[in-house]
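Every number for a ligand or one of its atoms is a count from 1 in the order of the listing.
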Amino acid sequence: EPMIRLSGVGKTYDDGTVAVQEVDLDVAAGEMVCLVGPSGCGKSTTLKMINRLIEPTTGRIFLDGQDVTDADPVELRRGIGYVIQQVGLFPHQRIINNVMTVPLLYGESKATARERARELLDTVGLDPDQYADRYPHQLSGGQRQRVGVARALAANPPVLLMDEPFGAVDPVVRTRLQDEFMRLQRDLGKTVVLVTHDIDEAVRMGNRVAIFAAGGRLAQYATPTELLAR
Ligand code: ADP
Ligand code: ADP
């Protein structure tokens with residue numbers, strides 16, 4: 001049974017925009033799937049339907065066998081980390097507090113939350129001794145993305161959804177973040193759905209690549225090897 005299953009999923013926005021049509025997509029546990037395609041072809045909409053930031057108009061979505069429509073949205077999102085390009089760290093809170101927010105929210109003690117946050121900073125390659133007490137504006141764009149990943153990992157979700165997570169950083173940093181994230185994803189065994197408009201990034205990172213086309217249709221769903229053989 002797949003960790004994530006989209007079955008006949010479509011989304012037409014209230015203004016009549018047809019964003020996604022008839023998407024069937026299975027993501028196995030521990031797999032990284034990249035959604036790729038030109039701007040406006042429904043990638044972000046598809047991603048946001050998985051954690052119910054957007055409700056599908058048609059079709060059904062299952063997480064670990066459960067229809068997400070039947071899940072309590074708060075519980076659902078606890079099991080799904082979400083990382084976007086504009087990470088949205090709290091600017092007036094230190095890095096450690098930005099990462100601690102989630103464990104505190106879920107009732108951890110302050111000491112445990114702090115310890116967990118420091119471990120997570122370490123996991124994403126930020127030395128806690130050096131960075132924990134800084135403020136977001138004192139970090140580079142790439143470092144802020146790392147904090148975003150740490151925060152998304154804080155509830156220890158089995159699934160991570162990522163929308164252009166490396167889009168805002170320069171190419172050299174991006175390659176390093178991609179490599180590090182691939183290693184981290186494998187080590188932690190996370191199931192990841194990652195949106196990108198960059199086919200090179202998709203082929204490099206994805207165990208499978210879902211190519212979206214105009215009109216929000218899924219044109220191809222294949223492994224990088226299969227794609228390159230065509
Ligand atoms: P939903 O049907 O999922 O509730 P809505 O159609 O109500 O979504 O739109 C949600 C928000 O997105 C609204 O505030 C709307 O103004 C805004 N929005 C409208 N058109 C676009 C667009 N083309 N791209 C991004 N956001 C849009
Ligand atoms: P992508 O992530 O591939 O760039 P999106 O999922 O953001 O594509 O958008 C798919 C289509 O839906 C686009 O035509 C976009 O303008 C439209 N769209 C996105 N959000 C909304 C919204 N809230 N209301 C109406 N149209 C939207």
Within less than 4.0 angstrom of ligand 2, does Gly37 place any heavy atom?
-> no

Electrostatic pair Asp163:Lys43 at N-O distance under 4.0 angstrom | no

Give the atoms of ligand 2, by number and element, whose distance to some non-hydrogen atom of Cys41 is under 4.0 Å.
-> 1 (P), 3 (O), 8 (O)

Close-contact set for ligand 2 against Pro38 heavy atoms, below 4.0 Å | 3 (O)

Can you name the closest pair of heavy atoms from Asn156 and Arg116 and give their distance?
-> CB-NH2, 3.8 Å

Counting each atom of ligand 2 from 1 as listed, which ones have a heavy atom of Thr45 under 4.0 Å away?
-> 5 (P), 6 (O), 9 (O)

Give the table of side-chain donor-acceptor pairs shorter than 3.5 Å for residues 76-85, with sequence neighbours excluded, one pair per line with atom names and distance.
unit_1 : atom_1 : unit_2 : atom_2 : d
Arg77  : NE     : Asn51  : O      : 2.9
Arg77  : NH2    : Asn51  : O      : 3.4
Arg77  : NH2    : Arg52  : O      : 3.0

Selected option - heavy-atom contact closest to atom 10 (C) of ligand 2, from Gly40, Gly216, Ser44 = Gly40

Ala202: side-chain contact (heavy atoms from CB on, under 4.5 Å) partners, not counting sequence neighbours = Cys34, Val36, Thr196, Val209

Looking only at heavy atoms, which two atoms of Thr45 and Lys11 are closest? And how far apart?
-> CG2-CG, 3.6 Å

Less than 3.5 Å between some nitrogen or oxygen of Lys43 and one of ligand 2, yes or no?
-> yes

